[in-house]
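Have a look at the structure below before the remarks.
Positions are given from 1, in the same order as the sequence printed here. This one's a predicted model, so the numbers in the text were calculated from it and none came from an experiment.
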Amino acid sequence: MEPVNLFDLATRQSQWLAVRQSAIASNIANANTPGYTANDVEPFEKILDRTAVTLKATEAGHLGAEATNAGFNVKPEEATGSIMPSKNTVVLEDELMKAGEVRRSFELNTAIVKAFHSMMTMVVKS
């Protein structure tokens, strides 16, 4: 049986969510560190835009291209709100909202994979 791209996509998103969760946790942990700049991961949509979907070459005469290596870049956020006198750019309310988004995304990702796995199991059993 050929691998299903949905599982690969879900795995990639889970990895991205884990990196983002780590960046958010680091921001919260350094909320009182003078001069600390809040970090975030580039949006998952940009990673998908850089990832090419390729066809499998089944014969020697087929043309093929390899998928790009899309990594996760953790970068400093631009200060949109007020900066603390200590030059710290972490806003706890924003970080907690991001943490909630990550949790909901993990739950959605898991639910989609579970539903797709159930469908695949029903197809194989019948």
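A donor-acceptor pair under 3.5 Å is formed between the side chain of Asn88 and the backbone N or O of Asn30. Judged by distance alone, with hydrogens and angles left aside, the side-chain atoms of Ser118 form a donor-acceptor pair with the main-chain N or O of Lys114 at under 3.5 Å. Not one N or O on the side chain of Ser26 forms a donor-acceptor pair closer than 3.5 Å with the backbone of Ser22.
Ala10 and Val113 get closest at one heavy-atom pair: CB-CG2, 3.3 Å. Minimum interatomic distance between Ala38 and Val90 (heavy atoms only, all atoms of both residues): CB-CG2, 4.0 Å. Nearest approach of Asn39 to Pro76, heavy atoms of both residues: OD1-CA, 3.3 Å.
Considering only residues two or more places apart in sequence or on other chains, Tyr36 meets the ring pair (Phe, Tyr, Trp, His ring centres under 6.0 Å) condition with none of them. Residues satisfying the side chain to side chain contact (heavy atoms under 4.5 Å, CB included) criterion with Asp40, sequence neighbours excluded, are Arg20, Glu77, Lys98. Legend: residues meeting side chain to side chain donor-acceptor pair (under 3.5 Å) with Glu45, ordered by chain and number and at least two apart, are absent.
Taken together through direct or relayed side-chain contacts under 4.5 Å among Ile, Leu, Val, Met, Phe, Trp and Tyr, Ile24 and Met97 form parts of separate hydrophobic clusters.
With Gln13 as reference, Asn109 is the one residue of Ile47, Asn109, Leu108, Asp8 to meet the side-chain contact (heavy atoms from CB on, under 4.5 Å) rule.
Arg104 CZ to Glu101 CD: the interatomic distance, rounded to the nearest 0.5 Å, is 6.0 Å.
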Practice task
Given side-chain contact (heavy atoms from CB on, under 4.5 Å), test Ile28 with Leu96 step by step and report yes or no.
Solution key: CA-CA 8 Å; Ile28 292 171; Leu96 293 175; 4.0 Å; yes
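Note on ring orientation: taking the six-membered ring where Trp is involved, the planes of Phe44 and Trp16 are tilted (angle from 30° to 60°).
Counting heavy atoms from C-beta on, the side chains of Val74 and Val19 come closer than 4.5 Å. Counting heavy atoms from C-beta on, the side chains of Phe116 and Met119 come closer than 4.5 Å.
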